[in-house]
Number of protein chains: 2
Amino acid sequence: MASHGGRGRSGGRPTLEEVAARAGVGRGTVSRVINGSPRVSDATRAAVEAAVAELGYVPNTAARALAANRTDAIALVVPEPETRFFAEPYFSDMLRGVGAEISDTEMQLLLTFAGSDRERQRLAQYLAAHRVDGVLLVSVHADDPLPDLLSQLEIPAVISGPRSAAESLTSVDSDNYGGARSAVEHLLGRGRRRIAHITGRLDVYGAQRRLDGYREALRDAGHPADDLLVEPGDFTEEGGRRAMTALLSHRPDLDAVFAGSDVMAAGARQVLREAGRRIPDDVALVGYDDSAIARHMDPPLTSVRQPIEEMGRAMIDLLLTEIADRRPPASRGLDRRRAVLPTELVVRASS
Amino acid sequence: MASHGGRGRSGGRPTLEEVAARAGVGRGTVSRVINGSPRVSDATRAAVEAAVAELGYVPNTAARALAANRTDAIALVVPEPETRFFAEPYFSDMLRGVGAEISDTEMQLLLTFAGSDRERQRLAQYLAAHRVDGVLLVSVHADDPLPDLLSQLEIPAVISGPRSAAESLTSVDSDNYGGARSAVEHLLGRGRRRIAHITGRLDVYGAQRRLDGYREALRDAGHPADDLLVEPGDFTEEGGRRAMTALLSHRPDLDAVFAGSDVMAAGARQVLREAGRRIPDDVALVGYDDSAIARHMDPPLTSVRQPIEEMGRAMIDLLLTEIADRRPPASRGLDRRRAVLPTELVVRASS
DNA sequence: AGGTACTGTGGGAGCGCTCCCACAAGTGAT
DNA sequence: ATCACTTGTGGGAGCGCTCCCACAGTACCT
């Protein structure tokens, strides 16, 4: 059949209207079929689906976005420089979980870095243009203005890590406090008494909570607080080395180290080994994250496993819900959801 | 409730029309100012810009995409599983270059994985929907159908790595052949005579070209071909270990190894050390990529530096050009561009 | 019989922009 | 004076979709 309807643009992509003509129905009906509305008879649905297949029809996203005022896209915002994104398994695990969960949907995922001021500028512009239906915010720092911006623009968002009082965003977190406690209790159970802690960056909520768990586990076991046993790190291997060096000079008699991340534990391990301490004989070592590093370390590292992929999945679920029942602003902020997922201590040879 | 559609003029985002009214001009004029057309008088431009600022106007991307039939977005397609993306510095460097170059434009970058069949399925759907103006394809395998799909859909695309005869896509590459030659010539110049090569996956064009460079450098220096000195790797550390083990058993008298990537060189180093070979005294080692691994290895690794960031930049430049002068299909395939960027040998203690 | 409810369907009215044509006003050559 | 350009501008006509109202048809009440 040469030209059906005499349209000159035979090479272009088929439109809804062309599908409708082909199936012998109206535009609205095709739209209903495409969007899975139940209010279509089986016969009609079949006819439309046949026409769609024959024509190779693919909906025009831009037209849909314009008419329906939604984009079917969500952004995964990483408020870190790209370097850290690649260096830390946390992000890749998270991305994997998010990717897996979102691939069941029609939603598109955008990966966005907001490490530099310039990138943040761009992001703000981007959000203001409402180019996404929702935002996933991972690894937020204490003073970050992003959560506020998001609720101001009334963009549905889910944040990873504990939600602070100021933020009215839905959040997903793992039990940092409990994870740290279980690590320390494990070390105590192994007979360790002078347990040091290398913290993460304390402007990251999770790192603070791990410190709390560490402190309270010791306190509950009747150990006095000893700040010489706590040394701040910054989640990097180099930071782990520095902190371990400091700890050894302050408390040469320590018999265990609980590091706030596997990467820092790796740094600590180097320093311990150079100082001639055997692991776990002289010093027991426990990390956090249960990343690939932990499994491949020599000796294999005991570590607190965070269900990061599951967190990613949970974030998507919550976000999609929030986007779906987008309510009028009046009812906002009343029933924010929050999910806290349990951690698990994976015991290996280092402790 | 209200009969006239609850969506009033009041609270929503300002539109072009509102800006026009405010500035006392027509819709078309505002559009011209927004899009930087020169055909606007200075006075009018200033008035419009003031109105834009006062109203906080941000163009609606969906409307623009629909009307102009472009999306202002390009996809960076990584035809690998996410795992490899994170494991290999190549990708992060590339992403950095691409990100840097694109941030000067209004374009948006989408990161897309196409490692699994499912992901490829999604990507094909995605491309068919023309949701991007162009595609950057990095690390393409020999049998990959993606390039064909792209030219079939007439989507502007730039590929990293040499373009094969079948592909009619613009490409950006580094001089793999020359890089390999310079590595081998360097080793020859240091007096090495039995130089082994651990290849990358040979279905990756670049790996094949490096092998060619290795072979021809030896041949030109009057060395007979010796296939026992060539062992296939797969770009992984484990693959490097395996290949090195095989090489040592085939040619225990080798005095140099040129590895097709730093990661494989790291694997080779382990095996050499375990076999009691000193580097560089007994065996000289040269890698490829000049990644962080090379600098931090013990001893620091001589490596061929690829200008990966520059390649990323060049890819964006070429792609934007191609998108800009999108020609009628008739003239396609005639003047495909191609850029080949030079490599540089970074000599360190391992050779 | 008329009433009330639902189900399925068609198509008008936009969504906010770009494209392009019309046209006024100015400039210069004939 | 006319003609032919140029420059700057306004606004109509869509882009391809979703939303929603109208309405025919059927089913089940009173």
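Each chain gets a letter, A, B and so on, in the order the sequences are listed, and its residues count up from 1.
For the pair A:D133 CG and D:dT18 P, the interatomic distance rounds to 14 Å; values are reported in whole Å. Separating the CZ atom of B:R27 from the C1' atom of D:dG12 is a distance of 8 Å, rounded to the nearest angstrom. Between the CD1 atom of A:I34 and the P atom of D:dC19 there is a distance of 14 Å, rounded to whole Å. With rounding to whole Å, A:N69 atom CG is found 11 Å from D:dT18 atom C1'. Summarising the geometry, the separation between CD on A:E17 and P on D:dG14 is reported as 13 Å, rounded to the nearest angstrom. Taking atom CG on B:L16 and atom P on C:dC17, their separation rounds to 4 Å, with Å as the unit. Across the protein-nucleic acid pair, B:E106 atom CD and C:dC17 atom P stand 14 Å apart, rounded to whole Å. For the pair A:N60 CG and D:dT18 C1', the interatomic distance rounds to 13 Å; values are reported in whole Å.
Where A:G28 and B:V30 meet DNA chain D, the nucleotide closest to each residue was compared, and B:V30 sits on the side nearer the 5' end.
In this structure, the salt bridge (charged side-chain N to carboxylate O under 4.0 Å, His left out) partners of A:D72, at least two apart in sequence or on a different chain, are A:R70. For B:D104, the side chain to side chain donor-acceptor pair (under 3.5 Å) partners two or more places apart in sequence, or in a different chain, are A:R118. When the salt bridge (charged side-chain N to carboxylate O under 4.0 Å, His left out) test is applied to A:R96, the partners found at least two apart in sequence or on another chain are A:D93, A:E309. Applying the salt bridge (charged side-chain N to carboxylate O under 4.0 Å, His left out) criterion to B:E101, with sequence neighbours excluded, gives B:R313. Take A:E82 and apply the salt bridge (charged side-chain N to carboxylate O under 4.0 Å, His left out) test, not counting sequence neighbours, and it matches no residue.
Helix-axis bend for the helix from C:dA1-D:dT30 to C:dT30-D:dA1: the local axis fitted to the five terminal pairs at one end deviates from that at the other end by 50°, rounded to 10°.
Residue B:R64 is classed as a sugar-phosphate contact, given heavy-atom separations below 4.0 Å to backbone atoms only.
When every heavy atom of B:S151 is checked against every heavy atom of B:L169, the shortest pair comes out as CB-CD2, 4.3 Å.
One finds a side-chain N or O of B:N35 lying less than 4.0 angstrom from the OP1 or OP2 phosphate oxygen of C:dT18. Between D:dC17 and A:S31, no contact under 4.0 Å exists linking OP1 or OP2 to a side-chain N or O. Note on B:T29: every side-chain N or O is 4.0 Å or more away from OP1 and OP2 of D:dT9.
One can find a donor-acceptor pair under 3.5 Å joining the base of D:dG10 and the side-chain atoms of B:R32.
Looking at residues 37-49 of chain B, you'll see that no heavy atom sits under 4.0 Å from any atom of DNA chain C.
Here salt bridge (Lys or Arg N to Asp or Glu O under 4.0 Å) pairs that include residues 29-56 of chain B, with residues two or more places apart or in two chains, are B:R22-B:E54. Counting only residues at least two apart or in different chains, ring-ring contact (aromatic ring centres under 6.0 Å, His included) contacts with residues 94-122 of chain B comprise B:F85-B:F113.
Taking 4.5 Å as the limit, some side-chain heavy atom of B:S171 sits within range of a side-chain heavy atom of B:I159.
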